Structure formats: C-alpha cells, structure tokens
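Below is one structure; the comments refer to it alone.
None of these values were measured; they are calculated from a predicted model. Each chain gets a letter, A, B and so on, in the order the sequences are listed, and its residues count up from 1.
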Amino acid sequence: MANVRIKDLPQHVGEKVTISGWLYNKRTSGKLQFPIIRDGSGYLQCVVFKKEVSPETWDAADSVTQESSVRVTGTVRAEERAQGGVELGVESFEILGTAQDYPITPKEHGTAFLMDVRHLWLRSKNQHAILRIRNEVEKSIRDFFYDRDFVLIDSPILTANAAEGTSTLFETDYFGEKAFLSQSGQLYLEPAAASFGRVYCFGPTFRAEKSKTRRHLMEFWMVEPEVAFLEFDGLQELAEEFVEYIVGRAMDRCAEELKVLERDLTRLENVKRPFPRITYRDAIELLKSKGMPANFGDDIGGDEETVIANSFNAPVIITRYPAAIKAFYMQPAPEDESLALGMDMIAPEGYGEIIGGSQRIHDHDLLLKRIHEHGLPVDKFQWYLDTRKYGTFPHSGFGMGIERCVAWISGVPHLRETIPYPRMLNRIYP
RNA sequence: UCCGGCAUAGCUCAGUCGGUAGAGCAACGGACUGUUAAUCCGUGGGUCGUAGGUUCGAGUCCUACUGCCGGAGCCA
C-alpha cells in the first residue's frame with residue numbers, strides 16, 4: 001500500500017492508508033494508546049485499542065519510544081477531538097528503527113545543548129516551522145526575480161581578492177596561492193549586468209569577523225540583484241517592492257508556520273509600500289532628539305538602528321550616508337559629493353539592517369581614484385574597472401541577508417535558528 | 001579583541017551560615033478504554049567544569065585555567 005502524507009489525510013476519510021514517520025509523542029490509558037506520528041508534512045493522532053489489534057501490533061505501540069521511525073496502517077476517520085480533525089484507527093503498527101534515549105524531550109532545553117544536537121533539533125516543531133518559512137522566502141526570492149526577467153548569475157565562492165577590502169575573510173590555499181571565501185557576489189554581478197541588464201546572485205557568503213551577536217553568522221546566505229541603467233530612486237523602489245512581495249508570500253503560504261511560532265501578524269501586515277525613507281542626516285537628528293549620542297559622520301550602530309526602527313511601523317530606508325563611512329564603489333550624491341548614494345533598510349522590531357545597497361560609480365576615472373584612496377590593489381581590480389572602460393552605464397544593486405529576513409518574518413530573536421546548520425564563533429559542529 | 005554572566009543527574013534548575021547531594025522532566029517497572037505537555041504509584045541515576053589554595057570539614061570561600069552564553073566593535 002502506498003504511503004499517504006499526513007497533510008493529505010482529510011481527503012482520505014474512510015479509507016485504509018499507510019503512514020510512515022516518527023513518533024512525536026505518546027499518551028496511554030490502559031488498553032488504549034494514542035501515539036502521535038509526524039512525517040514532515042504534519043502530525044497525526046493514531047488510536048490503538050488493545051482488543052482490536054494483534055498482540056504484535058499492541059506490543060509495538062506499547063514499547064515504541066519517542067522519535068522511533070514507524071509504519072502504521074489503519075483507517076482514517078474524522079474526529080473533532082484530534083488535532084487536525086482526523087485520526088487513524090490503527091490496524092497494524094510496525095517499528096522500523098528504535099530511537100534509544102532521544103536527547104530532546106518535550107520539556108524545555110537551553111540553546112547551547114540544542115545547538116549541540118542541532119541535527120536532531122531540526123525535527124522539533126518550531127525549527128520545522130522556521131525552516132519552512134526560510135524555504136518559502138527562498139522560493140519567493142527566485143520567483144520575484146524570475147518574474148521580472150532577471151537572470152540568475154551564480155557568483156564564485158572562491159575568490160582571489162577581498163571584494164571591498166574591509167571585512168576579514170576566510171583564507172584558504174589555492175594550489176599554492178592565497179584564495180578567500182567570498183563575502184559578496186556584487187563585483188562579479190556588475191559585469192554580468194552588461195550582458196543581461198538585470199541579474200542577481202543568491203548563495204552563501206562568508207565573514208571571518210569574530211562577531212558574537214544574535215545578528216551575525218560566519219556563513220550566511222545573501223541575495224544580490226544588480227540592474228543596468230537603474231538609478232538611486234529606482235533602486236529604493238525595487239527594494240521596497242521586493243520586501244513587500246516576500247513578506248506577503250510568507251503570510252499567504254506560511255500561515256500555519258507563523259501560527260506555530262505565535263508571530264504577531266499585525267506587525268507584518270504593516271509592510272506595505274511606500275516605506276518611510278529618511279536621509280542619514282535626518283537619522284542623526286532623530287537619534288539626537290531621542291537623547292542618543294550621535295554625531296554626523298558616525299556609523300549607526302545596533303542600538304541606534306533599533307531606536308530608528310522603533311520610530312516607524314514599516315521597514316525604514318536610510319539614504320545618503322557620508323561617503324567616508326561607506327564602500328569605495330558608491331556613487332557620490334549629485335548635490336553633495338561628500339555623501340554617497342547608498343541605502344540601508346532597517347527591519348522593524350530590532351532585527352537590524354536587512355538590506356544594504358547603492359548606486360555604483362560608473363565613471364572609470366572616479367572609480368580608479370576611489371580604489372587608490374582606499375589603498376586597494378589596482379591590478380586586482382582591473383577586470384572590475386573594465387565594466388567602466390567598455391561601454392559604461394549607470395547601475396545599482398543591493399544585497400539582502402536571508403537569515404535576518406527570515407528571523408524578522410518568523411519573529412525569532414536569534415539568527416542561528418533560521419539556517420539549518422549555523423556556523424558561529426566557536427561552533428562548526430554539527 | 002574588549003565588557004558582563006554562567007558551569008550541580010540525560011535535560012532544565014534549586015542547594016540557606018562551610019557540616020554526608022535535591023526537585024521536575026526524561027528513562028525503567030506498575031495502574032488506567034478517549035488522551036491533548038494525560039494522570040497516579042514506584043525504581044535506578046552524581047568525579048558538583050579542571051587544577052590548586054584556605055579549613056577539622058568545600059557544591060558553597062579564594063586564585064588560575066578551560067568551556068559556554070549574552071553584548072560591543074564589524075557588518076547582512
């Protein structure tokens with residue numbers, strides 16, 4: 001008999017089916033047992049009456065332990081008392097693999113312990129819900145760009161040079177030469193934009209910074225669109241449309257998961273265009289008015305971001321930063337060339353910067369000057385300068401961190417739960 | 001790298017003034033024919049992170065170290 005997925009059972013009421021999965025929990029009452037099975041698609045209450053089954057089936061259901069794998073056959077029936085509205089009247093119950101002393105119990109645990117057993121923690125209800133939301137976010141990102149005629153350009157992970165010359169990179173050996181794990185695909189996308197007009201990359205990125213906060217991972221996923229002939233205002237519109245779309249998709253298609261996580265949906269319903277936009281100068285004034293120590297020219301730190309985010313209901317776009325505190329490739333603002341046409345999008349509720357983007361310098365000589373000013377090795381950037389040498393064009397792009405986005409949508413406080421196997425300071429196992 | 005905190009049963013924790021190690025959950029045994037984190041009765045389970053010091057006596061006080069957690073910086 002073919003397996004049926006638990007989520008499809010309401011369409012099989014009255015039929016005899018076989019379910020394969022793992023024992024989530026079990027409640028017993030003498031000659032009656034209620035094993036709860038999960039199969040990845042849902043949870044199913046099974047009912048085993050001693051007098052209705054063989055001694056072998058009874059013993060199997062009686063002795064089965066939490067998280068053992070099982071195959072159960074029985075008749076589906078509608079039952080109000082069961083979660084999900086259906087239950088399975090068991091005829092046969094078979095243990096495929098016994099789980100001996102499963103470490104995660106239905107009671108509370110600390111995150112240090114849970115991270116040690118991350119490979120098992122993935123089975124838990126909340127983790128399952130978070131990773132399903134991540135799955136939906138990743139699919140909606142691909143749909144968004146595919147539907148708008150963007151071409152996916154997979155950027156290299158092994159690179160010869162530090163993209164922005166700022167962050168600390170993981171170093172590895174490349175047949176006797178130094179190589180680094182990529183911290184951004186952007187520089188590789190700009191030339192590709194001259195081939196397709198609209199491109200994006202989506203993959204893992206690596207930062208060797210010894211960050212120890214809930215907003216940081218050593219290995220995280222980033223999506224980076226890059227658009228030819230798109231200028232600064234259009235870039236902000238693209239970022240807004242993108243974020244509104246992703247949040248909307250998650251609310252549409254992950255309602256069940258958001259409910260499991262007890263996410264306050266009113267916070268997500270506010271994510272509608274246009275988002276509030278303020279300049280860096282306004283942001284500094286706002287911080288001062290809230291009594292924060294902030295001066296023009298300072299970087300906006302985590303605490304400051306949260307204060308700004310809490311002043312608005314939707315994600316906030318901050319624009320026109322001092323060029324001195326931003327990356328070398330950002331286009332100067334036309335009205336004041338000490339400002340850069342860079343934008344950050346700050347998520348609400350203290351989740352921090354989810355998007356960073358800019359219009360790129362397209363003038364060859366200005367870009368060369370900036371490379372010199374930042375002390376970067378010109379020879380390593382020759383290929384990057386070529387985009388400005390052979391038919392240059394104004395262009396813009398941004399990067400969005402997937403984990404921060406998923407953490408915000410899911411309402412989980414720490415990034416480590418939004419990626420299946422987080423790489424953090426002092427943690428590369430499992 | 002810097003600042004703060006924590007380390008006791010498989011897990012989450014309590015442990016008073018320094019005087020022979022405790023609870024809940026999990027595991028195991030038993031009772032129970034509609035349970036919803038089922039309930040009830042019982043059993044087993046410990047090198048108190050490591051090393052040193054003070055003391056008649058240290059889980060408890062002191063020192064160092066290790067590990068972990070949270071935050072800062074950096075950033076997405």
Side-chain angles (χ1 to χ4, degrees), chain A residues 24-36 43-53 58 62-63 65-67 77 79-84 87 89 99-117 120-121 124-125 163-164 166-169 183-186 204-224 239 298-306 325-327 343-347 350-357 398-408 413-416 418-419 424-427:
Chain A
Y24 174 69
N25 197 2
K26 186 173 67 173
R27 294 181 284 270
T28 65
S29 181
K31 306 292 181 278
L32 176 62
Q33 307 204 47
F34 300 96
I36 314 296
Y43 299 81
L44 172 67
Q45 171 169 292
C46 302
V47 186
V48 189
F49 276 104
K50 189 169 188 179
K51 68 174 185 185
E52 290 178 1
V53 298
W58 177 260
D62 190 45
S63 65
T65 54
Q66 188 197 354
E67 288 302 325
R77 56 186 179 234
E79 172 55 66
E80 272 185 20
R81 287 170 292 187
Q83 264 188 4
E87 67 179 19
Q100 201 65 250
D101 297 326
Y102 188 72
I104 302 176
T105 67
K107 296 283 176 175
E108 82 258 42
H109 299 281
T111 48
F113 168 74
L114 289 168
M115 276 300 164
D116 286 339
V117 291
L120 302 176
W121 194 21
S124 299
K125 223 169 195 170
E164 303 180 16
T166 51
S167 303
T168 316
L169 304 183
Q183 57 151 354
S184 166
Q186 179 199 323
T205 49
F206 307 87
R207 305 278 166 93
E209 301 286 350
K210 292 197 171 180
S211 301
K212 269 192 81 168
T213 80
R214 62 165 152 260
R215 291 206 286 252
H216 291 89
L217 297 169
M218 304 301 111
E219 176 182 307
F220 65 98
W221 282 62
M222 189 154 68
V223 56
E224 296 173 275
D298 291 350
D299 253 324
I300 295 180
D303 290 348
E304 288 81 11
E305 276 180 1
T306 302
I325 60 170
K326 284 294 181 183
M343 59 160 284
D344 285 350
M345 189 187 291
I346 313 294
Y351 285 96
E353 183 186 335
I354 51 170
I355 280 181
F398 65 77
M400 185 184 79
I402 304 309
E403 289 76 16
R404 284 190 185 174
C405 182
V406 172
W408 165 47
H414 203 302
L415 248 54
R416 65 188 159 203
T418 64
I419 186 167
M424 299 181 289
L425 201 58
N426 303 325
R427 185 174 293 283

Original post:
For the base of C74(B), is there a side-chain donor-acceptor partner from S211(A) under 3.5 Å away?
Top reply: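 Per atom types, the contact qualifies.
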Original post:
Any donor-acceptor pair under 3.5 Å between the side chain of Q45(A) and the base of U35(B)?
Top reply: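 Side chain to base: pair present.
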Under 3.5 Å, N/O pairs linking protein and nucleotides 5-8 of chain B:
none

Look at all strands and tell whether [X] reaches a base, only sugar-phosphate, or nothing, counting heavy atoms closer than 4.0 Å.
X       : value
Q83(A)  : nothing
H216(A) : base
E87(A)  : base
F34(A)  : base
I355(A) : sugar-phosphate
N25(A)  : sugar-phosphate

Tell me every residue that passes side-chain hydrogen bond (donor to acceptor under 3.5 Å, both in side chains) with [X], counting only those two or more places apart in sequence or in another chain.
X       : value
K26(A)  : none
T213(A) : H216(A)
E79(A)  : R81(A)
D116(A) : R427(A)

Subject >> Side-chain touch K50(A)/W58(A), heavy atoms, less than 4.5 angstrom >> reply: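 Sidechains of W58(A) and K50(A): in contact.
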Measure from the side-chain heavy atoms of [X] and tell me the nearest of [options].
X       : options                : result
K31(A)  : U12(B), U33(B), G73(B) : U33(B)
M222(A) : C75(B), A76(B), U12(B) : A76(B)
R404(A) : G34(B), C75(B), C11(B) : C75(B)
R81(A)  : U12(B), U36(B), A76(B) : U36(B)

Subject >> Upstream residue (5' side of RNA chain B) when G401(A) and I36(A) are each assigned their closest nucleotide >> reply: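 Final value for this comparison: I36(A).
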**OP:** Could you tell me which residues satisfy ring-ring contact (aromatic ring centres under 6.0 Å, His included) with F206(A), sequence neighbours excluded, listed by chain and number?
**Re:**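 Here no residue qualifies.
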Original post:
Quick one: ring-ring contact (aromatic ring centres under 6.0 Å, His included) partners of H109(A), sequence neighbours excluded?
Top reply: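 Partners of H109(A) under the ring-ring contact (aromatic ring centres under 6.0 Å, His included) test: F113(A).
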Original post:
How does protein reach along nucleotides 41-49 of chain B, written 5' to 3' as B (base within reach of a heavy atom under 4.0 Å), S (only sugar-phosphate), or - (no contact)?
Top reply: ---------
Subject >> Duplex segments of RNA chain B, taken as runs of at least three Watson-Crick or G-U pairs that stay under 3.5 Å >> reply: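 Detected stem regions: B:1-7 with B:66-72, B:10-13 with B:22-25, B:27-31 with B:39-43, B:49-53 with B:61-65.
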Rounding to the closest angstrom, what is the interatomic distance between [N] and [M] at atom [atom1]?
N      : M      : atom1 : answer
U55(B) : G18(B) : C1'   : 9 Å
A58(B) : C65(B) : P     : 24 Å
C62(B) : U16(B) : P     : 14 Å

Close N/O contacts between protein and nucleotides 66-71 of chain B (under 3.5 Å):
| from | atom 1 | to | atom 2 | distance (Å) |
| --- | --- | --- | --- | --- |
| C69(B) | N4 | K212(A) | NZ | 3.2 |
| G70(B) | OP1 | R416(A) | NH1 | 2.5 |
| G70(B) | OP1 | R416(A) | NH2 | 2.9 |
| G71(B) | OP1 | R214(A) | NH1 | 2.6 |
| G71(B) | OP2 | R214(A) | N | 3.1 |
| G71(B) | N7 | K212(A) | O | 3.2 |

Original post:
So does K210(A) have more than 12 non-hydrogen atoms from other groups sitting under 6.0 Å from NZ?
Top reply: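 No, not enclosed.
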**OP:** Go through the structure and list residues passing side chain to side chain contact (heavy atoms under 4.5 Å, CB included) with Q45(A), not counting sequence neighbours.
**Re:**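 Per chain and number, Q45(A) pairs via side chain to side chain contact (heavy atoms under 4.5 Å, CB included) with R27(A), F34(A), I36(A), V47(A), A82(A), E87(A).
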Please list each protein N or O that sits under 3.5 Å from an N or O in nucleotides 28-31 of chain B, with the distance.
none

